[in-house]
Amino acid sequence: MITSVKGMRDLLPPETRVWNRLEETTRAVFSLYGYDEIRTPVLEPTELFVRSVGEASDIVHKEMYSFTDRGGREVSLRPENTASVARAFVEHGMPQAGGVKKLYYVGPQYRYERPQKGRYREFRQIGAEVLGAADPATDAELLVMLFDLLGRLGFTGLSVSLNSVGSEESRPVYVEALREYLLAHEEKMGEDDRRRLRENPLRVLDTKDRSLAEVLAGAPRVLDHLDPASRTHHEELLALLDAERIPYLVEPRLVRGLDYYTRTVFEVTAEGLGAQNALLGGGRYDRLVSDLGGPRTPGIGFAIGEDRLVDVLPEGFRRAAIDGFSPVALVAIEPEDRAAALALAGELRRAGVAVDFDPAGKGPGAGLKAASSKGCRTAVLVGRRERESGVAVVKDLVERSQKEVPLADLPHVLKGETA
RNA sequence: GUGAGAGUAGCUCAGUCGGUAGAGCGCCGGAUUGUGGUUCCGGUGGUCGCGGGUUCGAUCCCCGUCUCUCACCCCA
């Protein structure tokens with residue numbers, strides 16, 4: 001048997017109904033905020049991610065699906081989507097067009113990691129990016145939109161962890177201060193944290209080693225090392241979030257994995273996701289566009305782990321999505337009734353009624369059984385007697401009741417427009 | 001890349017102290033020749049993940065490998 005590739009999975013019905021409704025809701029909300037969709041290729045020049053995500057990052061040096069194509073180009077499956085959006089932004093001259101560009105995307109991403117709960121080699125992200133706006137009000141509105149979406153999906157009680165990592169000038173100063181502090185406590189660290197200390201001291205702040213709690217509590221804080229402009233940005237953002245009643249928690253030890261973040265960084269975690277509890281993450285990236293060869297353009301965005309989101313989606317939203325698919329089952333009693341049933345199916349569909357007709361059905365028994373096991377609520381039966389009197393039997397599969405309905409009235413009755 | 005656990009029927013699992021396997025659910029048929037969720041009866045069901053080794057004999061023991069699950073790393 002041929003199976004799917006490790007870490008990649010099939011999404012099957014009825015689960016796909018949940019994904020579809022989730023994406024429909026997302027598009028609707030993003031549109032309300034003036035965001036337009038962008039679709040970028042799954043395959044990009046490897047160089048794009050080396051320059052944006054960072055050569056030293058784990059994502060680039062051990063998690064990319066990279067290969068040389070037949071034309072000798074070094075290409076990679078995208079491990080995230082922000083870099084592609086920034087690339088497209090520059091490539092299509094959007095900076096020269098001026099103004100603010102608000103874009104969203106929905107699509108698969110690829111990282112060659114060991115799969116575990118909430119982590120797959122092919123996973124989907126829903127993201128939004130604002131390019132060309134540096135004001136904290138932009139950060140605030142992005143988060144307002146995010147919580148609007150989460151609220152419409154039925155989430156309650158989520159809050160965003162928020163921090164600022166400063167500007168590209170102040171950040172290295174802080175990192176140096178942190179490094180010096182941590183070096184003094186290196187003997188208390190495990191192997192992993194010592195490695196982090198050498199490669200990226202910020203990551204030590206993320207450690208799961210509880211014995212370092214005391215050390216970290218005494219560590220210098222990014223927020224105390226912000227340059228004045230970043231400090232103002234951060235404070236203004238908090239004030240705007242207060243005004244908009246966005247539930248946030250300033251988390252001084254929050255650092256994000258991607259190198260390109262500046263100033264605002266944030267993430268939302270959720271219960272029930274196992275060790276991979278980050279539901280979404282994002283931040284400001286004021287130097288990404290210029291790093292990719294474009295003019296200096298501020299940007300901010302977030303990416304939601306769609307697979308994880310589906311995992312913890314509130315039951316009410318799930319139910320509505322699954323129950324929302326319920327075509328009328330059309331059952332032909334005898335083989336001679338199939339032609340009439342097929343014609344009726346056509347009429348009903350033209351009238352906007354979703355009809356599931358199984359032409360190979362073996363009579364009413366099997367037909368009704370299949371219909372109820374599929375979750376259909378209504379069945380329409382057509383047999384010789386009905387054909388002769390110009391009616392159809394409409395059966396409520398839940399109530400187990402049925403009535404004869406003249407064919408002409410069928411569309412109205414089935415659409416609930418009973419009169 | 002590291003560690004632990006698991007792979008037996010379509011699904012969820014049991015089992016064989018080594019003698020080529022069972023249940024429940026599902027599916028098909030019948031009781032009910034044009035009416036489904038209950039009940040009863042009958043039937044369909046498996047290279048026991050794959051390869052090798054030990055053995056008279058392996059689904060069981062050993063080795064390897066693949067896949068899944070969880071954790072580390074990292075991140076959505």
Side-chain angles (χ1 to χ4, degrees), chain A residues 1-9 53-54 56-64 78-82 105-127 190-193 195-196 199-200 203 206-209 254-259 266-270 273-283 301-312 329 331-337 361-387 393-402:
Chain A
M1 182 172 51
I2 297 176
T3 60
S4 63
V5 170
K6 183 187 181 80
M8 308 198 178
R9 59 190 183 140
V53 177
S57 72
D58 276 26
I59 289 179
V60 166
H61 84 255
K62 63 178 215 195
E63 294 174 3
M64 286 210 297
R78 63 186 182 202
E80 59 105 37
N81 218 327
T82 299
Y105 59 84
V106 177
Q109 318 292 335
Y110 302 83
R111 291 183 201 171
Y112 192 88
E113 302 180 271
R114 275 286 272 275
Q116 69 182 69
K117 186 174 178 60
R119 192 170 70 190
Y120 307 96
R121 289 183 173 179
E122 177 182 64
F123 60 102
R124 293 106 196 141
Q125 286 187 333
I126 294 172
E191 195 181 323
D192 280 337
D193 285 317
R195 181 180 50 75
R196 288 199 187 98
E199 293 174 359
N200 188 350
R203 299 235 61 92
D206 253 357
T207 188
K208 287 178 181 170
D209 184 351
L254 173 67
V255 291
R256 311 238 66 256
L258 280 45
D259 280 359
F266 57 89
E267 72 179 23
V268 172
T269 58
L273 288 173
Q276 310 302 321
N277 64 351
L279 184 60
L280 64 94
F302 61 75
I304 304 173
E306 195 177 2
D307 303 72
R308 293 179 185 179
L309 185 64
V310 168
D311 259 5
V312 296
V331 177
I333 304 287
E334 299 287 345
E336 308 87 82
D337 303 319
K362 298 188 200 106
L368 291 175
K369 188 175 179 182
S372 39
S373 75
K374 271 194 234 181
C376 295
R377 283 193 289 269
T378 307
V380 172
L381 296 157
V382 176
R384 185 176 54 79
R385 293 202 295 269
E386 288 74 21
R387 283 193 281 122
V393 169
V394 174
K395 192 170 174 66
D396 185 321
L397 293 169
V398 180
E399 304 292 328
R400 298 177 73 75
S401 62
Q402 67 180 52

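Here is how names work: the chains are called A, B, and so on, in the same order as the sequence lines, proteins then strands, and each is numbered from 1.
- Side chain A/Arg308 to base B/C75: a donor-acceptor pair is found below 3.5 Å.
- Across all strands shown, B/G18 has no partner, as no Watson-Crick or G-U wobble contact with both distances under 3.5 Å is found.
- Distances shorter than 4.0 Å separate some side-chain N or O of A/Gln116 from OP1 or OP2 on B/A71.
- The base-pairing partner of B/G51, taking Watson-Crick or G-U wobble contacts with both distances under 3.5 Å, is B/C63.
- In this structure, A/Arg111 contributes its side chain and A/Pro79 its backbone to a donor-acceptor pair below 3.5 Å.
- In terms of position on RNA chain B, the residue among A/Gly118 and A/Thr207 whose nearest nucleotide sits closer to the 5' end is A/Thr207.
- The residue among A/Arg385 and A/Pro115 whose nearest nucleotide of RNA chain B lies closer to the 5′ end is A/Arg385.
- Side-chain proximity of A/Arg384 to B/C70, B/G34, B/C73: nearest is B/G34.
- Looking at A/Glu122, its side chain never comes within 3.5 Å of a backbone N or O of A/Tyr120 through a donor-acceptor pair.
- Nucleic acid contact for A/Arg9: none, since no nucleic acid atom lies under 4.0 Å from a heavy atom of the residue.
- The closest side-chain donor-acceptor pair between A/Glu63 and A/Tyr112, if any, does not fall under 3.5 angstrom.
- Residue contacts shown for A/Val398 include a base, since a base heavy atom lies under 4.0 Å away.
- By the 4.5 Å heavy-atom criterion applied to side chains, A/Leu368 and A/Lys395 are counted as neighbours.
- The residue A/Glu80 sits apart from the nucleic acid: no heavy atom pair falls under 4.0 Å.
- Across all strands shown, B/G3 is found opposite B/C70 as a Watson-Crick or G-U wobble partner, with both distances under 3.5 Å.
- Counting any heavy atom pair closer than 4.0 Å across all strands shown, A/Leu397 reaches a base atom.
- Under the Watson-Crick or G-U wobble criterion, with both distances below 3.5 Å, B/A23 is paired with B/U12.
- In terms of polar N and O atoms assigned as donor or acceptor, the side chain of A/Arg119 never comes within less than 3.5 Å of the base of B/A76 in a complementary pairing.
- Within 4.0 Å (heavy atoms only), A/Thr3 reaches no atom of the nucleic acid at all.
- Nucleic acid contact for A/Gly274: sugar-phosphate only, since backbone atoms but no base atoms lie under 4.0 Å from a heavy atom of the residue.
- Of the candidate nucleotides B/U35, B/C74, B/U67, B/U35 has the atom lying nearest to any side-chain atom of A/Pro364.
- Across all strands shown, A/Gly7 has heavy atoms under 4.0 Å from sugar-phosphate atoms exclusively, and none from any base.
- Considering only the side chain of A/Leu381, B/U35 comes nearest among B/G34, B/U35, B/C75.
- Nucleic acid contact for A/Tyr112: none, since no nucleic acid atom lies under 4.0 Å from a heavy atom of the residue.
- Counting distance only, with no hydrogens placed and no angle test, the side-chain atoms of A/Glu113 and the base atoms of B/A76 include a donor-acceptor pair under 3.5 Å.
- With both pairing distances under 3.5 Å, B/U33 is matched to nothing as a Watson-Crick or G-U wobble pair.
- Residue A/Glu63 is classed as a sugar-phosphate contact, given heavy-atom separations below 4.0 Å to backbone atoms only.
- A/Glu386 contributes a side-chain N or O that forms a donor-acceptor pair with the base of B/G34 under 3.5 Å.
- Residue A/Arg114 places no side-chain atom within donor-acceptor reach of the base of B/C74, judged by atom type and a 3.5 Å distance cut-off alone.
- Residue A/Leu279 is classed as a sugar-phosphate contact, given heavy-atom separations below 4.0 Å to backbone atoms only.
- Contact check, A/Arg195 against B/C74: a side-chain N or O comes under 4.0 Å of OP1 or OP2.
- Taking every side-chain heavy atom of A/Lys6 into account, B/U67 is the closest of B/U67, B/C73, B/C27.
- Using a 4.0 Å heavy-atom distance criterion, A/Arg124 is classed as making no nucleic acid contact.
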